[in-house]
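This chain uses plain numbering: 1 for the first residue, then up along the sequence.
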Amino acid sequence: QEQLVESGGGLVQPGGSLTVSCRATGFSPQQRAIAWFRQAPGKEREKIACIPGYEFRPEYVDSAKDRFTVSRDDAKNSVDLQINSLKPEDTGIYYCATDNSILCNSWHFSGAASMKLWGQGTQVTVSS
């Protein structure tokens with residue numbers, strides 16, 4: 001059974017860094033695009049980044065380009081999202097998802113609506 005499981009969330013002080021991970025079971029993230037989303041309290045789920053399968057370059061929304069880095073750990077069958085210089089507005093539930101394609105085209109054009117498999121999310125809280 002194909003599954004995505006996020007981990008690594010927690011309480012972090014402003015200015016700190018955190019890496020959340022998305023482990024895949026039943027398939028390899030090497031062959032599919034994996035996307036990251038965030039849902040802040042009372043807000044819609046928003047896209048952050050997407051890493052395509054194989055060796056294609058990751059993509060980011062403009063607001064995430066400076067502080068977010070998405071990478072794949074093939075040994076762990078996972079995709080990580082590193083967040084630097086955390087701000088209180090980064091608080092939310094972080095989800096990973098895939099639309100089962102290789103590239104990030106549907107993530108780019110359709111966002112969350114195009115995803116077919118979701119993890120359960122991991123909570124990130126940025127507060128002093």
Worksheet item: Can you find a pair of side-chain heavy atoms, one from Gln30 and one from Arg72, that are under 4.5 Å apart?
Response: yes
Practice prompt. Evaluate the side-chain proximity of Glu46 to Gln39: yes if any heavy-atom separation is below 4.5 Å, no if none is.
Written response: no
Worksheet item: Under 3.5 Å, is there a donor-acceptor pair between the side chain of Lys47 and the main chain of His108?
Response: yes
Worksheet entry | Closest non-hydrogen atom pair, Cys22 against Ile34 | SG-CG2, 4.2 Å
Discussion item. Just so I know, are the side chains of Ser127 and Leu11 near enough to count as touching, which here means a heavy-atom distance under 4.5 Å?
Written reply: yes
Discussion item. Taking the six-membered ring for Trp, are Trp36 and Phe68 closer than 6.0 Å centroid to centroid?
Written reply: no
Item to complete: Starting from the C-alpha separation in whole Å, work towards a yes-or-no answer on side-chain hydrogen bond (donor to acceptor under 3.5 Å, both in side chains) for Ser78 and Asp73.
Response: CA-CA 5 Å; Ser78 67; Asp73 187 334; 4.7 Å; no
Worksheet item: Got a sec, which residues hit salt bridge (charged side-chain N to carboxylate O under 4.0 Å, His left out) with Arg32, two or more places apart in sequence or on another chain?
Response: Glu2
Item to complete: Taking atom types as modelled, find out whether Gln82 and Asp80 have a side-chain donor-acceptor pair closer than 3.5 angstrom.
Response: no
Worksheet item: What are the two closest non-hydrogen atoms of Val70 and Tyr60, and how far apart are they?
Response: N-OH, 2.9 Å
Worksheet item: Between the side chain of Gln123 and the main-chain N/O of Gly10, is any donor-acceptor distance below 3.5 Å?
Response: no
Worksheet item: Looking only at heavy atoms, which two atoms of Thr98 and Asn100 are closest? And how far apart?
Response: OG1-N, 3.0 Å
Item to complete: Check whether any side-chain N or O of Thr91 sits under 3.5 Å from a backbone N or O of Val126 as a donor-acceptor pair, and report yes or no.
Response: yes
Item to complete: Could I get the full list of salt bridge (charged side-chain N to carboxylate O under 4.0 Å, His left out) partners for Lys65, not counting sequence neighbours?
Response: Asp62
Practice prompt. List for me each residue that meets salt bridge (charged side-chain N to carboxylate O under 4.0 Å, His left out) alongside Asp90, sequence neighbours excluded, and say none if there are none.
Written response: Arg38, Arg67
Practice prompt. Working to the nearest 0.5 Å, report the span between CD1 of Ile83 and OG of Ser17.
Written response: 9.0 Å
Practice prompt. Determine whether more than 12 heavy atoms belonging to other residues, nucleotides or ligands lie under 6.0 Å from atom CD of Glu55.
Written response: no
Fill in: From Ile48 atom CD1 to Cys96 atom SG, the distance as rounded to the nearest 0.5 Å
11.0 Å
Worksheet item: Are Glu6 and Trp118 side-chain neighbours, meaning at least one heavy-atom pair lies under 4.5 Å?
Response: no
Item to complete: Look up atom CD in Glu59 and atom CG in Leu103, then write down how far apart they are to the nearest 0.5 Å.
Response: 8.0 Å
Item to complete: Hey, could you give me the CZ/SG distance between Phe37 and Cys50, rounded to the nearest 0.5 Å?
Response: 7.5 Å
Response to the item:
Interatomic distance, CG@Leu81 vs OG1@Thr122, rounded to 0.5 Å, equals 11.0 Å
Worksheet entry | Atom pair OG/CH2 of Ser101 and Trp107 - distance to nearest 0.5 Å | 12.0 Å
